[in-house]
Amino acid sequence: MAERRYRVFVYGTLLTGEDNHDVVAPYVCAVCPGKVNGRLYSVGPYPALVLGEEGEVEGEWLTVTEEGLKAMDELEDYTEGQDDNEYERVWVRDVRQPIEGYVYVYLPEKAAGLPVIPSGSWRRRKEKT
């Protein structure tokens, strides 16, 4: 029986070459650049995505094994059905290509008061826009 695979949009420290990519790297089967609608906020050492806000956020679609999804859930402190997760795991579609999958998002009320990353890109967060 083939192992289940999951597509997950990442936009911060899980991106290829970023600080936490090694958490998921052993479980990555494929990587594809992408964008989703929303706004990116800085929580300091990592970003937070809020859906339903104007803008586009750059990232990568990772195709991962079930172990990879579990490792990402653990890193993001996400437990299905729990009310006090820092991030929620929800379904999202890419803006420009027919790709969809999971993404870890902040709730809008949690992002209130956090600085916006105007570029929509964690990798380009220090650029002046």
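All values below come from the heavy atoms of this structure, side chains included, with hydrogens, waters and symmetry mates left out.
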Steps toward ring pair (Phe, Tyr, Trp, His ring centres under 6.0 Å) verdict (Y11, W122): CA-CA 7 Å; Y11 52 86; W122 179 246; 8.8 Å; no
Y102 vs F9, ring pair (Phe, Tyr, Trp, His ring centres under 6.0 Å): CA-CA, chis, key distance, verdict: CA-CA 6 Å; Y102 290 118; F9 182 79; over 10 Å; no
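A salt bridge links R123 and E18; the closest N-O separation between the charged side-chain nitrogens and carboxylate oxygens is under 4.0 Å. Ion pair R89/D73 flagged as a salt bridge, since at least one NZ, NE, NH1 or NH2 atom sits closer than 4.0 Å to an Asp/Glu carboxylate oxygen. Between K110 and E86 no salt bridge is recorded (no basic side-chain N to carboxylate O distance below 4.0 Å). Under 4.0 Å is where a charged nitrogen must lie from a carboxylate oxygen, and between E56 and K35 at least one such pair does.
With rounding to the nearest 0.5 Å, the separation of CG in N37 from CG in L51 is 8.5 Å.
Other residues, nucleotides and ligands contribute at most 12 non-hydrogen atoms within 6.0 Å of the CD atom of E54. Within a 6.0 Å radius of CD in E80, no more than 12 heavy atoms belonging to other residues, nucleotides or ligands are found.
Under a 3.5 Å cut-off, the side chain of N85 and the backbone N or O of T79 do form a donor-acceptor pair. Under a 3.5 Å cut-off, the side chain of D94 and the backbone N or O of Q97 do form a donor-acceptor pair. One N or O on the side chain of T65 and one on the backbone of G68 form a donor-acceptor pair closer than 3.5 Å.
Taking the six-membered ring for Trp and thresholds of 30 and 60 degrees, Y46 and Y87 have ring planes inclined between 30 and 60 degrees apart.
Between W91 and R7, the closest side-chain pair of non-hydrogen atoms is not below 4.5 Å.
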